[in-house]
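Please read all numbers here as calculations on a predicted model, not as lab measurements.
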Amino acid sequence: MPVEELTAEERDSWLRALPEWTLTREGKAIERKFEFTDFAEAFAFMTRIAIIAEKRDHHPEWFNVYNKVEITLTTHDAGGLSLRDVNMAKKIDKLV
């Protein structure tokens with residue numbers, strides 16, 4: 001079953017429920033930046049996300065330097081944001 005991109009109205013509605021996430025890539029992705037006390041804490045956070053991502057078969061784009069982690073979520077198969085991204089963002093938010 002194909003994954004559908006959220007409409008602009010759906011996207012805007014879901015973003016209100018994800019106040020820490022920012023719309024990026026001309027409305028096709030969301031991102032959030034995290035800062036931890038050190039590299040070990042940042043890496044542990046990424047490891048917890050990796051386990052969730054594998055179970056959901058939905059993997060984030062991310063960048064890590066020392067204690068900082070930047071995460072971007074988009075659904076390439078849908079050509080932009082989908083409900084899969086929203087649900088992944090909610091799961092990530094519960095980890096912090």
Side-chain angles (χ1 to χ4, degrees):
M1 175 186 255
V3 179
E4 302 228 356
E5 182 177 8
L6 296 175
T7 65
E9 295 80 25
E10 291 169 328
R11 180 196 67 209
D12 294 344
S13 177
W14 281 115
L15 275 179
R16 285 190 290 277
L18 299 168
E20 302 293 326
W21 292 83
T22 305
L23 197 59
T24 187
R25 297 187 188 169
E26 299 179 3
K28 300 290 187 181
I30 54 176
E31 70 178 11
R32 183 168 176 194
K33 298 177 181 179
F34 301 85
E35 188 168 336
F36 300 92
T37 56
D38 56 25
F39 177 74
E41 189 176 323
F43 192 80
F45 174 69
M46 292 174 68
T47 301
R48 291 192 305 272
I49 293 171
I51 292 167
I52 294 167
E54 274 298 297
K55 288 180 183 175
R56 294 173 166 262
D57 191 29
H58 190 59
H59 305 90
E61 298 174 17
W62 52 20
F63 179 75
N64 164 247
V65 174
Y66 184 58
N67 67 332
K68 293 177 177 60
V69 177
E70 297 176 17
I71 299 174
T72 301
L73 299 174
T74 190
T75 303
H76 299 284
D77 293 343
L81 282 173
S82 75
L83 198 52
R84 295 178 83 188
D85 303 305
V86 170
N87 290 333
M88 189 66 167
K90 287 180 179 180
K91 286 284 191 185
I92 292 169
D93 284 350
K94 287 182 181 179
L95 296 176
V96 286

Engineer: Could you tell me which non-hydrogen atom of A89 sits nearest to which non-hydrogen atom of L18, and how far apart they are?
Structural biologist: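 Heavy-atom minimum between the residues: CB-CD1, 3.9 Å.
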Engineer: Atom CZ of R84 and atom CG of D77: how far apart are they, to the nearest 0.5 Å?
Structural biologist: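 Rounded to the nearest 0.5 Å, the CZ-CG separation comes to 7.0 Å.
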Engineer: State whether the number of non-hydrogen atoms from other residues, nucleotides or ligands found under 6.0 Å of E4 atom CD is greater than 12.
Structural biologist: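 Not more than 12 within 6.0 Å, no.
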Engineer: Any donor-acceptor pair under 3.5 Å linking the side chain of D85 with the backbone of S82?
Structural biologist: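 Present.
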Engineer: Is there side-chain contact between K28 and E5, with at least one heavy-atom pair below 4.5 Å?
Structural biologist: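 A side-chain contact exists here, since the closest heavy-atom pair is under 4.5 Å.
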Engineer: Closest approach of E10 and T7, non-hydrogen atoms and distance?
Structural biologist: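 Closest pair (atom of E10, atom of T7, distance): OE1-N, 2.8 Å.
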Engineer: Identify whether L95 and M88 are in the same connected component of the hydrophobic contact network (ILVMFWY, side-chain heavy atoms under 4.5 Å).
Structural biologist: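 Both belong to a single hydrophobic cluster.
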Engineer: For R48 and K94, run side-chain contact (heavy atoms from CB on, under 4.5 Å): C-alpha distance rounded to whole Å, both residues' side-chain angles, the deciding distance at 0.1 Å, then the answer.
Structural biologist: CA-CA 11 Å; R48 291 192 305 272; K94 287 182 181 179; over 6 Å; no
Engineer: Hey, could you give me the CD1/CZ distance between I49 and R56, rounded to the nearest 0.5 Å?
Structural biologist: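 I49 CD1 to R56 CZ: 12.0 Å, rounded to 0.5 Å.
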Engineer: Evaluate the side-chain contact (heavy atoms from CB on, under 4.5 Å) criterion for residues Y66 and D38: first the C-alpha distance (whole Å), next the side-chain angles of each, then the deciding distance (0.1 Å), finally the verdict.
Structural biologist: CA-CA 7 Å; Y66 184 58; D38 56 25; 3.7 Å; yes
Engineer: Rounded to the nearest 0.5 Å, how far does CH2 of W62 lie from CD of E31?
Structural biologist: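 Those atoms lie 15.5 Å apart.
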Engineer: Drop me the distance from F34's CZ to E20's CD, to the nearest 0.5 angstrom.
Structural biologist: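 Result: 8.5 Å between the selected atoms.
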Engineer: Do the non-hydrogen side-chain atoms of I30 and W14 ever get within less than 4.5 Å of each other?
Structural biologist: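 No, their side chains stay 4.5 Å or more apart.
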Engineer: What is the distance from atom CG of L6 to atom CG of D12, rounded to the nearest 0.5 Å?
Structural biologist: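 So the CG of L6 and the CG of D12 are separated by 10.0 Å.
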Engineer: Got a sec, which residues hit ring pair (Phe, Tyr, Trp, His ring centres under 6.0 Å) with F43, two or more places apart in sequence or on another chain?
Structural biologist: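 Per chain and number, F43 pairs via ring pair (Phe, Tyr, Trp, His ring centres under 6.0 Å) with F39.
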Engineer: How far does NE2 of H59 sit from CD1 of I52, to the nearest 0.5 angstrom?
Structural biologist: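 The NE2 atom of H59 sits 11.5 Å away from the CD1 atom of I52.
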Engineer: If every non-hydrogen atom of P60 is compared with every non-hydrogen atom of L73, which pair is closest and at what distance?
Structural biologist: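 Smallest heavy-atom distance, with atoms named: CB-CD2, 3.7 Å.
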Engineer: Under the side chain to side chain contact (heavy atoms under 4.5 Å, CB included) test, which residues partner A29, sequence neighbours left out?
Structural biologist: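 For A29, the residues satisfying side chain to side chain contact (heavy atoms under 4.5 Å, CB included) (neighbours in sequence not counted) are T24, R25, T72, T74.
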Engineer: Do other residues, nucleotides or ligands put more than 12 heavy atoms under 6.0 Å from E35 CD?
Structural biologist: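 It does: E35 CD has more than 12 such atoms within range.
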Engineer: For a quick check under 3.5 Å, do D93 and W21 share a side-chain donor-acceptor pair by atom type?
Structural biologist: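 Yes - a donor-acceptor pair under 3.5 Å links their side chains.
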Engineer: Would you say L15 ends up clustered with V96 if hydrophobic residues are merged whenever their side chains have heavy atoms under 4.5 Å apart, either directly or through other cluster members?
Structural biologist: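 Per the 4.5 Å side-chain linkage, V96 and L15 are co-clustered.
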Engineer: Between T75 and H58, is the side-chain contact (heavy atoms from CB on, under 4.5 Å) condition met? List the steps.
Structural biologist: CA-CA 8 Å; T75 303; H58 190 59; 3.4 Å; yes
